[in-house]
Amino acid sequence: MNDSEISKPAHFIRTIIIEDRASGRFERRVHTRFPPEPNGYLHIGHAKSICLNFGLAREFGGRCNLRFDDTNPTKEAVEYVESIKEDVRWLGFDWDDRLYYASDYFERIYQCAVRLIEQGQAYVCDLSADQIREYRGTLTEPGRESPYRERSVADNLDLFQRMRAGEFPDGSRVLRAKIDMASPNLNLRDPVMYRILHAAHHRTGTAWRIYPMYDFTHGLCDSFEGITHSICTLEFEDHRPLYDWFLDQLELYHPLQIEFARLNLTYTVMSKRKLLRLVEKGLARSWDDPRMPTISGLRRRGYTPESIRNFCDRIGVAKSNATVDIALLEYSIREDLNRKAPRVMGVLNPLRVVIEDYPDDRVEWLEAVNNPEDPAAGTRQVPFSRVLYIEQDDFMEQPPKKFYRLAPGREVRLRYAYYITCREVVKDPATGAVIEVRCTHDPQTRGGSSADGRKVKATLHWVSAVHAVPAEIRLYGHLFSAADAGDATSDEQFEAALNPESLQVIPQALLEPGLAAAQPGQTFQFERLGYFCVDPDASDGHLVFNRTVTLRDAWAKIQKTGNAS
RNA sequence: UGGGGUGUCGCCAAGUGGUAAGGCACGGGUCUUUGGCACCCGCAUACGGAGGUUCGAAUCCUCCCACCCCAGCCA
């Protein structure tokens, strides 16, 4: 991390850690962990947790483990663990040699279960899933005790061992903690600790036929690893008493669990289940579709790790359910790319411009600044010639009052080139559409400034027709049409809320020639348009750019509010 | 109706009894060879509501209201 990171604001978890260190709690250690389940790709919400856990450890000279919560083999896969490792690393964090898997502890967890059975605090229950649900009671009524609750320790031990041996079919029995079927906290009504699953695990293969539940596993793993501050999301607040109960009965070390609110963003969705659905139904091309809020999607879109870290610092950490305006994310990437991205010129929707008084056979290479924010970025040469292309949006035959780009009779500047004046408009006789603009140039304004100090109100980007390189450009909009669409509960509502214009492809934009050699992952600012990066789909003969984000656009705002005229 | 949480500007978010930080968004302006960037100014007499304690309350007390989470052999 460097000086350009924004300053870290105070938040309640940092405050707790500072107090713990002041009081000498945990021998002043700070040891956190990021515990994803490898059942999908990481998204920007996970980035918040990653920045929090790894960031706090780094800040206080502590450690942060990467631990996969892989207790459900039916949903997990190595593809996911690989992507998660890549994403965490890409975000700029390192777990050194502390890569763990809950599955590494399966034997140890099993022994903990055996001990609880021996202590008379766990039992094998033969009730079906439906029956367990019935016996659990409701939010307002206490549950009833399972008829198998008072099995002998010997019977429980035998049955549990045979569950492990694979003697029983899936769903036929579970191991349950014997706590309190009347507890107002449903998590304490004899929760399931182990279930039978004859499924191959991505790491342990077929070694196990029983798998521990998350609630039994997670707290144990944190304890085994000596985690000091176990940071998780709000929905686990109710589970804390259960984790404490397990640890107390087993006389194990207690981490301190602290809950914070997960991130929500407008115009997108942060549920792994819903993201998986988008991928499976082909509504998104893949997990790394640039429209997805996944880390891999953002990366492909052109977001930088630093911009995401800055975003996470800016949104804060608190306990109230919050939905952050996606404009803040966009602000964070603009801020970062403004400093870093080389500027280039490219025309998305070309309008042919002929400079009538410029020789047909002449080419001038003009100097252009690579990045006005960074003098060290230097300059480059761009070719100018008689036939050019400018943006269709930069010309209007009948301009409204506040439009000060090119129009009949009007003079504007071509960036780094010349002042040109529109002399004539050529239209398609069939459609009446403007297909060409005829202009003259002022030779005294070479480079883009005039000796007489004459001002022009607009500066346009442009590209020389014969030199331009074609490129496919993919423009992205929000995933959903409405800010809160991700909340949709039914799949139908959810899909209907998708923004049909989230992807717009421009098959052949025209770019300045230097871009011909651009490589996947490289980011540029297309002047006056936005930030773009080369997509991995690009090949030797075919450039493909993703628009990361547009530039702020004051003219668009004027048009939108209807104040143009 | 049980339990656990949360309510401070359009969106986040500081604040922990002493008289409402900051960011984004938004509005106005300066500058400008990007209608970008940068810079300047503005933007909560007010902290879910009602009472109360206090010289003094967003901060303490009481009651009320709203929203979120929990009835997976998911995590």
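Each chain gets a letter, A, B and so on, in the order its sequence line appears, and its residues count up from 1.
- For the pair A:Glu259 CD and B:G5 C1', the computed distance is 9 Å after rounding to whole Å.
- Comparing the same atom, P, in B:G36 and in B:G29 gives a spacing of 13 Å after rounding to whole Å.
- A distance of about 15 Å separates the P atoms of B:U59 and B:G15, rounded to the whole Å.
- Nearer to the 5' terminus of RNA chain B, by closest-nucleotide assignment, is the contact made by A:Phe12 (compared with the other of A:Phe12 and A:Thr445).
- A side-chain N or O of A:Thr233 and one of A:Glu235 form a donor-acceptor pair less than 3.5 Å apart.
- Comparing B:C74 with B:C60, their P atoms are spaced 42 Å from each other, to the whole Å.
- For the residue pair A:Asn185 / A:Ser183, no side-chain donor-acceptor distance below 3.5 Å is found, with atom types taken as modelled.
- Here A:Phe526 and A:Phe545 bring their ring centres to under 6.0 angstrom of each other.
- One atom, CD1 of A:Ile315, and another, C1' of B:A14, lie 15 Å apart when rounded to the nearest Å.
- Checked against side-chain hydrogen bond (donor to acceptor under 3.5 Å, both in side chains), A:Gln392 has no partners two or more places apart in sequence or in another chain.
- Side-chain contact between A:Ile227 and A:Asn65 is present, with heavy atoms from C-beta onward closer than 4.5 Å.
- Here A:Val456 lies out of heavy-atom contact (under 4.0 Å) with every strand.
- Summarising the geometry, the separation between CG on A:Asp374 and C1' on B:U34 is reported as 16 Å, rounded to the nearest angstrom.
- Ring centroid separation for the pair A:His202 and A:Tyr80 does not come in under the 6.0 Å cut-off.
- Separating the C1' atom of B:G48 from that of B:A58 is a span of 12 Å, rounded to the nearest Å.
- Residue A:His478 contributes atom NE2, which lies 13 Å from atom C1' of B:C11 at whole-angstrom precision.
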Writing each nucleotide of RNA chain B 5' to 3' as (, ), [, ], | or . by Watson-Crick or G-U pairing under 3.5 Å yields .(((((((.[[[..)..(...]]].(((((.......))))).....[[[[[..)....]]]]])))))).....

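- Remark: A:Arg173 qualifies as a cation-pi partner of A:Phe168 under the 6.0 Å distance and 45° angle criteria applied to the six-membered ring.
- Separating the C1' atom of B:C47 from that of B:U34 is a span of 42 Å, rounded to the nearest Å.
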Does the pair A:Tyr105 and A:Glu225 meet the rule for a side chain to side chain donor-acceptor pair (under 3.5 Å), with working shown? CA-CA 10 Å; A:Tyr105 306 114; A:Glu225 294 175 13; 2.5 Å; yes

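- Listed by residue number, the members of residues 319-330 of chain A with any heavy atom below 4.0 angstrom from RNA chain B are A:Lys319, A:Ser320, A:Asn321, A:Ala322, A:Thr323, A:Val324, A:Asp325, A:Ala327, A:Leu328.
- By the 4.0 Å N-to-carboxylate-O rule, A:Lys319 lies close enough to A:Glu237 to be salt-bridged with it.
- Distance A:Leu52 CG to B:A13 P: 13 Å, rounded to the nearest Å.
- B:A71 and B:G7 have their P atoms separated by 24 Å, with the value rounded to a whole Å.
- What separates CZ of A:Arg262 from P of B:U6 is a distance of 17 Å, to the nearest Å.
- The ring-ring contact (aromatic ring centres under 6.0 Å, His included) check on A:Tyr418 picks up A:Phe384, A:His441, with sequence neighbours excluded.
- Syn is the classification of B:G72, since its glycosidic angle stays within 90° of 0.
- Annotation: cation-pi pair A:Arg176/A:Tyr123 absent, no NZ/CZ under 6.0 Å from the ring centroid and within 45° of its normal.
- Side-chain contact annotation: A:Glu527 with A:Gln525, donor-acceptor N/O pair under 3.5 Å absent.
- Distance check on atom C1': B:U45 versus B:A20 gives 10 Å, rounded to whole Å.
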Could I get a table of every N or O pair under 3.5 Å where one atom is in the protein and the other is in nucleotides 35-39 of chain B?
from, atom 1, to, atom 2, distance (Å)
B:G35, OP1, A:Arg528, NH1, 2.8
B:G35, O4', A:Tyr404, OH, 3.4
B:G35, O2', A:Ala554, N, 3.0
B:G35, O2', A:Trp555, N, 3.3
B:G35, N7, A:Arg405, NH1, 2.2
B:G35, O6, A:Tyr404, N, 3.2
B:G35, N1, A:Lys402, O, 2.8
B:G35, N2, A:Lys402, O, 3.2
B:G35, N2, A:Tyr404, OH, 3.4
B:G35, N3, A:Tyr404, OH, 2.6
B:G36, N2, A:Arg343, NH1, 3.4
B:G36, N2, A:Glu373, OE2, 2.8
B:C37, OP1, A:Arg552, NH1, 3.4
B:C37, OP2, A:Arg552, NH1, 3.3
B:C37, O2', A:Asn338, ND2, 2.9
B:C37, O2', A:Glu373, OE1, 3.4
B:C37, O2', A:Glu373, OE2, 3.4

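- Between B:A50 and B:U16, the distance separating the two P atoms is 23 Å to the nearest Å.
- Of all nucleotides listed (B:G2, B:G23, B:U34), B:G23 comes nearest to the side chain of A:Arg314.
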In 5'-to-3' order, the base (B), backbone-only (S) or no-contact (-) status of each nucleotide in nucleotides 69-75 of chain B, using a 4.0 angstrom heavy-atom cut-off, is BBBSBSB

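- With hydrogens and angles left out, the side-chain atoms of A:Ser83 and A:Asp87 include no donor and acceptor closer than 3.5 Å.
- Residues A:Cys439 and A:Thr421 have side chains not in contact (no heavy-atom distance under 4.5 Å, counting atoms from C-beta outward).
- Nearest-nucleotide mapping onto RNA chain B: of A:Ala417 and A:His11, the residue sitting toward the 5' end is A:His11.
- Taking atom CG of A:Leu263 as the reference point, atom C1' of B:C68 lies 16 Å away to the nearest angstrom.
- Between A:Tyr531 and A:Phe524, the gap from one ring centroid to the other reaches at least 6.0 Å.
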